[in-house]
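Worksheet: one structure, shown below.
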Amino acid sequence: MCGRYADFRTLQDLADAFVITPENIDAEARGLPASWNSAPTQRVRMVAERADDQGEIRRLLATARWGLVPSWAKDPAVGSRMINARSETAATKPSFASALARRRCLLPADAYYEWQRTPGSAARTPRVPFAIRRAGGEVFAFAGLYEVWGPEDLVTVTILTAAASGELAAVHDRRPLVLPPSAWDRWLDPAGGAQEVADLLAMPAPPCEIYEVGSQVNSPRENSAGLLDPA
DNA sequence: CCAGACGTTGTT
DNA sequence: GTCTGG
DNA sequence: CCAGACGTTGTT
DNA sequence: GTCTGG
């Protein structure tokens, strides 16, 4: 799955990677500090497309709270349990279906963390964190969904997940769904059809480096570049 | 029909 | 809002 | 995801 | 043990 990640790329690099012009970067996104340990309920950077007042589609860099709050929720606290959505089932889940149809987004990341539980070990055995990154340092674009909630238009997001395979499966059986640049336009287009969206959900994982890191990353309060140092 | 849930992960 | 369970 | 709290009343 | 918060 994906419950913790790093997003520390400079604003300029990120805007270049996602082809976002300066007027389409909102103030929150400009001010959001780099993070080596983004956790659920925190603000994260988000790329989305929507029509402006003239009906022009704009690609925006904004922020959202991680943990999707469905539009019908009475209490936004439910969002803390909606940090991931299964790509296999999101289309039929009341919590995610409308967002999958109309409110898709991308969440940039430089690395993510997975915790390995050793098979057959005692329940209290600490799990071991691993970092996953692109070998060439390319940015990850996690496939996400967003929702706008309540009188204050709280924007929240969830990260789609898929089955892990290969080397990654030895660490954990789920992974975030990562989309390559060639898929970004189609994913973000609010008018994209269900079949096209379904095809994108089947995107294979890109090749990655996977290595153990120190247990400091366990605490959501830790946040420094050293969290990505090999253990 | 109305009431109540609406999620993922992992563990047993 | 929409689906499932009673 | 992991860490940390987990409760009420009343008093200062 | 289970829920909430980050």
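The chains referred to below are lettered A, B, ... by the order of the sequence lines, with proteins before strands, and numbering in each begins at 1. Heavy atoms only: backbone and side chains are in, while hydrogens, waters and symmetry mates are out.
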Verdict with reasoning, A/Leu14 to A/Arg45, per side chain to side chain contact (heavy atoms under 4.5 Å, CB included): CA-CA 10 Å; A/Leu14 197 66; A/Arg45 297 195 282 192; 3.4 Å; yes
Would you classify A/Ser95 as touching base, sugar-phosphate or nothing, given that sugar-phosphate means primed atoms plus P, OP1 and OP2, and contacts are heavy atoms under 4.0 Å? sugar-phosphate
Treating a pair as Watson-Crick (purine N1 to pyrimidine N3 plus N6-O4 or O6-N4) or G-U wobble (N1-O2 and O6-N3) with both distances under 3.5 Å, list the stems of 3 or more consecutive pairs that involve DNA chain D. D:1-6 with E:1-6
Only one of A/Glu167, A/Glu114, A/Arg133 passes side-chain contact (heavy atoms from CB on, under 4.5 Å) with A/Ile210, and that residue is A/Glu167
To the nearest Å, how far apart are A/Glu88 CD and B/dT9 C1'? 13 Å
Can you find a pair of side-chain heavy atoms, one from A/Gln116 and one from A/Glu212, that are under 4.5 Å apart? no
Could you check whether A/Trp72 and the base of B/dC6 form a stacked pair, meaning centres closer than 5.5 Å and planes differing by less than 30°? yes
Taking atom P in both D/dA5 and B/dA3, what distance in whole Å separates the two? 40 Å
Whole-Å distance separating the CZ atom of A/Arg102 from the P atom of C/dG1: 12 Å
Would you mind checking if A/Glu49 and A/Arg58 are paired as a salt bridge, meaning a charged N to carboxylate O distance below 4.0 Å? no
Does A/Arg134 reach the main-chain N or O of A/Pro207 with its side chain, forming a donor-acceptor pair under 3.5 Å? yes
Would you please confirm or rule out a distance under 4.0 Å between OP1 or OP2 of B/dC6 and any side-chain N or O of A/Arg81? no
For A/Thr89, answer base if it contacts any base atom (sugar-phosphate contacts may also be present), sugar-phosphate if it contacts only those atoms, and nothing otherwise; contact means non-hydrogen atoms under 4.0 Å. sugar-phosphate
Between B/dC6 (P) and A/Asp75 (CG): distance, integer Å: 15 Å
Close N/O contacts between protein and nucleotides 4-6 of chain C (under 3.5 Å):
none

Parallel, tilted or perpendicular: rings of A/Trp115 and A/Tyr113 (30°, 60°): tilted
Is any side-chain N of the basic residue among A/Asp185 and A/Arg59 closer than 4.0 Å to the acidic one's carboxylate O? yes
Short N/O separations, protein against nucleotides 1-3 of chain D, under 3.5 angstrom:
from  : atom 1 : to       : atom 2 : distance (Å)
D/dC1 : O3'    : A/Arg127 : NH2    : 3.2
D/dC1 : O2     : A/Arg4   : NE     : 2.9
D/dC1 : O2     : A/Arg4   : NH2    : 3.2
D/dC2 : OP1    : A/Arg127 : NE     : 2.7
D/dC2 : OP1    : A/Arg127 : NH2    : 2.8
D/dC2 : OP2    : A/Arg127 : NH2    : 2.7
D/dC2 : O4'    : A/Arg4   : NH2    : 2.8
D/dC2 : O4'    : A/Asn218 : O      : 3.4
D/dC2 : O3'    : A/Asn218 : O      : 3.1

To the nearest 0.5 Å, how far apart are SG in A/Cys2 and CZ in A/Phe140? 9.5 Å
Tell me the interatomic distance from A/Lys93, atom NZ, to C/dT2, atom C1', rounded to whole angstroms. 13 Å
Phosphate-side-chain proximity, A/Thr161 and B/dT9, N/O vs OP1/OP2 below 4.0 Å: yes
Could you tell me the separation between the CD atom of A/Glu147 and the P atom of B/dC6, rounded to a whole number of Å? 17 Å
Hey, can you tell me if A/Phe8 and A/Trp36 have their rings parallel, tilted or perpendicular (30° and 60° cut-offs)? parallel
To the nearest angstrom, the CG-P distance between A/Asn84 and B/dG7 comes to 13 Å
Euclidean distance for C1', D/dC6 against B/dG4 (whole angstrom): 27 Å
Distance, P atom - from B/dT9 to E/dG1, rounded to whole angstrom: 22 Å
Just say parallel, tilted or perpendicular for the rings of A/Tyr5 and A/Phe142, cut-offs at 30° and 60°. perpendicular
Evaluate the criterion side chain to side chain contact (heavy atoms under 4.5 Å, CB included) for residue pair A/Arg65 and A/Gln42; output intermediate values, then yes/no. CA-CA 5 Å; A/Arg65 200 182 74 165; A/Gln42 293 178 356; over 6 Å; no
State, with a plain yes or no, whether a side-chain heavy atom of A/Val44 is found less than 4.5 Å away from one of A/Val157. yes
Rounding to a whole Å, what distance do you find between A/Phe96:CZ and B/dA5:C1'? 14 Å
Report the distance from atom CD of A/Glu222 to atom P of D/dG4, rounded to the nearest whole Å. 10 Å
Using atom C1' in both nucleotides, what's the gap between D/dG10 and E/dT2 to the nearest angstrom? 29 Å
